[in-house]
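Letters A, B, ... mirror the listed sequences (proteins, then strands); counts begin at 1. All values reported here derive from a predicted model rather than from experimental measurement.
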Number of protein chains: 4
Amino acid sequence: MKAKRVPRALREQQMLDAAVKVFSRSGYHAASMDEIAEECDVSKPMLYLYLGSKEELFAACIRREADRLIARFAEAADPSLEPGDQLFRGLTAFFAFVAEHRDSWIVLYQQARAQGEPVVAEVAAARAEVSGAVTTLLRRAVREVGGDDVPGPRAGEARPDRGEAAAMAAIITGAADALAGWVLDTGPEAAEESARRLMSVIWIGLEPRLRGARYGG
Amino acid sequence: MKAKRVPRALREQQMLDAAVKVFSRSGYHAASMDEIAEECDVSKPMLYLYLGSKEELFAACIRREADRLIARFAEAADPSLEPGDQLFRGLTAFFAFVAEHRDSWIVLYQQARAQGEPVVAEVAAARAEVSGAVTTLLRRAVREVGGDDVPGPRAGEARPDRGEAAAMAAIITGAADALAGWVLDTGPEAAEESARRLMSVIWIGLEPRLRGARYGG
Amino acid sequence: MKAKRVPRALREQQMLDAAVKVFSRSGYHAASMDEIAEECDVSKPMLYLYLGSKEELFAACIRREADRLIARFAEAADPSLEPGDQLFRGLTAFFAFVAEHRDSWIVLYQQARAQGEPVVAEVAAARAEVSGAVTTLLRRAVREVGGDDVPGPRAGEARPDRGEAAAMAAIITGAADALAGWVLDTGPEAAEESARRLMSVIWIGLEPRLRGARYGG
Amino acid sequence: MKAKRVPRALREQQMLDAAVKVFSRSGYHAASMDEIAEECDVSKPMLYLYLGSKEELFAACIRREADRLIARFAEAADPSLEPGDQLFRGLTAFFAFVAEHRDSWIVLYQQARAQGEPVVAEVAAARAEVSGAVTTLLRRAVREVGGDDVPGPRAGEARPDRGEAAAMAAIITGAADALAGWVLDTGPEAAEESARRLMSVIWIGLEPRLRGARYGG
DNA sequence: TATGAATGAGGGTTCATTCAT
DNA sequence: CATGAATGAACCCTCATTCAT
């Protein structure tokens with residue numbers, strides 16, 4: 001109860017920790033500033049002094065956790081590897097992150113996606129960054145595999161275009177997201193195992209796809 | 001002010017329509033009963049008289065929309081077809097539903113997943129029903145493809161077990177979910193096209209997978 | 001559900017019955033017109049058509065039950081008896097009434113006394129009528145016992161004046177009231193027994209009092 | 001608008017003061033939290049922050065006022081006195097309390113008795129404590145007067161039993177209650193005068209009664 | 001005679017946010 | 001650096017009451 005003097009930088013981290021915990025537990029709207037303040041043993045005025053407002057606080061959470069996640073993914077997906085391995089390692093890092101930072105992931109993916117208006121922007125940006133990394137990876141894969149420039153899929157030609165890379169990235173991140181949720185609900189398993197599960201479904205199909213193969217040929 | 005007499009059964013549908021619209025726009029918590037009442041030109045007491053409470057109203061929305069979606073999917077995924085076609089038609093129906101009932105889908109998938117506690121159950125149930133249909137489909141596919149009984153993947157054997165069918169269903173619905181979101185953000189395209197996109201990624205890989213092939217050998 | 005045509009006079013009684021039941025159960029404010037309408041299987045508009053408003057409905061209840069109670073008391077307290085017997089019989093009738101018409105009594109005494117403003121008048125009037133009967137009885141007793149005219153108690157003289165008769169009536173009705181409540185809480189006993197209990201406390205003291213004896217005198 | 005800083009302990013008392021005033025004026029149900037908040041120049045959230053809810057606020061009022069009343073009574077009814085004096089002094093204290101704390105008494109006795117369900121418990125408990133004090137006093141009186149053990153009144157024997165002591169306590173408190181109301185309605189008089197009035201009716205009869213005399217015996 | 005459909009108004013409760021210390 | 005005290009604004013819900021049939 002007696003508030004020990006704590007330097008600002010540290011306090012802010014404690015606040016973000018508490019906020020992530022509470023946001024993940026109750027969702028953005030249902031979470032209350034009282035709850036968060038209590039969780040980190042600080043009075044509400046401090047919260048406002050340091051983080052500005054509920055919305056800004058939430059945005060700060062999103063930013064910090066997204067940065068952490070992206071760092072993990074980027075670090076693992078060494079660009080010197082070939083695309084398949086890159087993706088596999090990246091996904092492994094992702095599942096490891098989810099297991100370690102359960103709350104962070106819940107806020108990023110489950111809670112955040114939903115809200116109306118004010119909050120959406122932050123999360124959309126964070127998510128875009130993540131799937132942007134995957135998109136980049138896929139584009140490189142296409143180039144390496146196919147060689148020449150890539151026309152759209154609609155015109156009858158086979159190889160995927162830029163837009164389609166984004167669609168695939170959406171599919172992959174969505175699938176990873178869902179699988180992470182499934183693992184969290186079902187019981188833990190090694191991050192590598194989850195990554196392999198996912199790769200087994202998508203990559204075997206994705207590789208030929210990158211060469212132009214399509215379902216319904 | 002208006003007070004046009006409308007029979008109960010009809011009014012309830014109007015109310016659900018309005019509620020779906022508002023919930024999809026603002027999310028469960030941010031949506032207010034006033035907003036919903038205004039949206040369907042009815043006073044709040046009528047909402048409460050017919051639908052009971054905000055929570056019950058939300059549950060009724062979820063139920064109605066989930067039933068619609070499941071009906072569409074089930075109707076399309078004719079069990080007499082072979083598994084690949086079944087899934088393709090089912091997904092096509094799904095994407096068509098999302099395009100037609102944008103709000104319904106948003107409530108079911110985007111808004112619903114997030115909330116803390118009270119609402120989650122309804123949505124979880126609805127989602128379970130959907131991915132349950134896919135799981136069933138995959139199990140049948142495994143049987144048809146593999147012939148004999150199916151051991152687990154952890155023990156070193158190759159073919160996916162029952163739990164893994166659920167994981168795959170999660171992956172597929174998650175991927176479909178994400179792709180639907182991408183289509184909604186990016187601009188419309190034919191439902192068949194989206195389904196083909198998705199099948200191109202997952203089915204080409206899934207079929208060998210059903211026979212026991214795995215990534216990373 | 002199908003409303004059988006019922007003549008107005010009868011319906012009104014049914015409504016009052018239901019209202020008494022509900023008012024006694026929940027109190028004036030907490031009772032809702034819906035509850036009452038449902039209790040007597042009639043639609044709310046009928047309630048309003050016949051009884052006017054919640055307040056009027058309550059007043060009608062009070063009036064009817066108070067009249068019943070007063071009739072019982074008056075009938076029993078035969079003025080040809082001597083005062084002690086008169087009171088004893090009156091009280092016996094009162095306790096019998098309470099036992100038979102539990103709800104009526106609760107509304108009259110427990111619920112009714114409390115409310116703020118609008119309702120109070122009706123109840124005050126009814127109660128005044130009851131204790132008025134007792135006051136009359138006591139005045140006659142004083143006359144019979146004492147003979148001559150009665151000065152006030154403040155001037156040093158002994159015999160009770162008119163005001164004091166009212167005070168005594170208040171004491172007696174209050175005591176009867178409390179004892180009735182006690183009996184209701186504790187378990188039933190014969191009305192005569194209750195009356196005797198009460199008389200044993202008050203009358204033995206009251207009789208000398210009527211002659212001018214006082215405590216601390 | 002005002003926002004004068006007042007320490008919590010004090011504010012709580014102000015709130016209880018205001019609440020007692022308003023509850024006594026309008027009754028539990030009819031009283032609104034807005035009214036109470038306005039009465040003590042505080043915003044509603046403060047009320048809720050400090051006292052929890054309307055029900056808890058009411059309970060707190062009851063508790064505080066009941067404690068005050070009981071303290072007054074107990075302090076006056078010095079157990080070293082003989083029973084009659086004890087009761088006389090206790091009643092005097094009671095009537096003094098009623099005159100001084102009109103609202104408190106109204107809440108305790110008039111308003112509180114009535115309500116449906118939630119509130120009843122608190123008041124019942126408080127009232128039980130009061131008449132418990134009287135019961136104790138009567139029991140001691142019985143012992144002092146009668147000497148030996150006390151059988152029930154139903155079996156033909158004369159002296160009152162334990163249950164009957166409670167009945168008598170109910171009678172006495174009910175009578176005091178009623179007389180207090182009468183005094184409040186009629187105009188003030190000295191507390192001693194009221195107590196003497198009441199003793200004159202009940203004690204002269206009660207004393208013989210304690211020895212076994214009965215009406216109609 | 002009888003009712004399903006409808007509402008204005010208000011009550012209890014909570015929340016994000018800010019002073020004054 | 002830190003907080004207890006305070007509030008405007010909403011939100012969910014319910015009620016007494018009335019049309020239109």
Side-chain angles (χ1 to χ4, degrees), chain A residues 1-8 11 29-37 41-50 52-57, chain B residues 1-8 10-11 29-37 41-57, chain C residues 1-8 11 29-37 41-50 52-57, chain D residues 1-8 10-11 29-37 41-57:
Chain A
M1 293 281 155
K2 274 291 165 59
K4 289 176 300 193
R5 297 285 172 115
V6 171
R8 172 157 185 164
R11 259 287 139 82
H29 264 99
S32 85
M33 294 299 270
D34 284 274
E35 222 177 331
I36 296 172
D41 266 317
V42 162
S43 67
K44 264 187 299 176
M46 290 300 292
L47 265 188
Y48 280 88
L49 184 61
Y50 285 179
S53 76
K54 190 185 185 183
E55 209 174 317
E56 286 172 89
L57 171 56
Chain B
M1 293 274 163
K2 299 287 179 68
K4 280 190 303 202
R5 291 296 178 101
V6 172
R8 174 163 184 160
L10 182 51
R11 258 288 138 81
H29 264 100
S32 87
M33 293 298 269
D34 283 276
E35 219 178 332
I36 295 173
D41 266 317
V42 162
S43 65
K44 253 189 307 178
M46 290 300 292
L47 270 186
Y48 282 89
L49 185 60
Y50 285 176
L51 275 319
S53 75
K54 190 184 185 182
E55 207 174 318
E56 285 173 275
L57 171 57
Chain C
M1 294 280 158
K2 273 292 166 59
K4 289 174 300 194
R5 297 286 173 116
V6 171
R8 172 158 186 161
R11 259 287 139 83
H29 263 100
S32 85
M33 294 297 270
D34 284 272
E35 222 178 330
I36 296 172
D41 265 318
V42 161
S43 66
K44 265 188 299 178
M46 291 299 294
L47 265 187
Y48 281 88
L49 186 61
Y50 284 178
S53 76
K54 190 184 185 183
E55 209 174 316
E56 287 173 89
L57 171 56
Chain D
M1 293 274 162
K2 299 288 178 69
K4 279 189 304 202
R5 291 296 178 99
V6 173
R8 174 165 184 158
L10 181 50
R11 257 290 138 80
H29 264 101
S32 86
M33 294 297 270
D34 284 278
E35 220 178 332
I36 297 172
D41 266 316
V42 162
S43 66
K44 256 189 304 177
M46 289 302 290
L47 272 186
Y48 282 89
L49 185 60
Y50 286 176
L51 276 318
S53 75
K54 189 182 186 184
E55 208 174 316
E56 285 172 274
L57 171 56

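For B:Leu49 and E:dA5, the CG to P distance is 9 Å, given to the nearest whole Å. Rounded to whole Å, atom P of F:dG8 lies 12 Å from atom CE of D:Met46. In this structure, C:Leu47 places its CG atom 17 Å from C1' of F:dC19, rounding to the nearest Å.
A side-chain donor-acceptor contact under 3.5 Å links D:Lys54 to the backbone of D:Ala31.
Helical stems in DNA chain F, defined as runs of 3 or more consecutive Watson-Crick or G-U wobble pairs with donor-acceptor distances under 3.5 Å: E:2-21 with F:2-21.
Note that the NZ atom of A:Lys44 and the CE atom of A:Met33 stand 8.5 Å from one another [nearest 0.5 Å]. Distance OH/B:Tyr50 to CD/B:Glu56: 15.5 Å, rounded to 0.5 Å. Separating the CG atom in B:Leu51 from the CZ atom in B:Arg11 is a distance of 12.5 Å, to the nearest 0.5 Å. Between atom CD of residue D:Glu35 and atom OG of residue D:Ser32 there is a gap of 4.5 Å, rounded to the nearest 0.5 Å.
In terms of heavy atoms, C:Ser43 sits closest to C:Ala37 at C-CB, 4.4 Å. Across every non-hydrogen atom of A:Val42 and A:Leu47, the tightest pair is CG1-N, 4.4 Å.
Backbone-only engagement by D:Arg8 is indicated by non-hydrogen atom pairs under 4.0 Å involving sugar-phosphate atoms exclusively.
With F:dT3, E:dT7, E:dA2 as the candidates, the nucleotide lying closest to the side chain of C:Val6 is E:dA2. Residue A:Tyr50 has its side chain nearest to F:dC1 when only F:dC1, F:dT7, E:dT1 are considered.
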Notebook entry, point to check: Reading nucleotides 11-17 of chain E from the 5' end, what letters show protein touch, with B for base, S for backbone sugar-phosphate only, - for no heavy atom under 4.0 Å?
Noted result: -BBBBSB
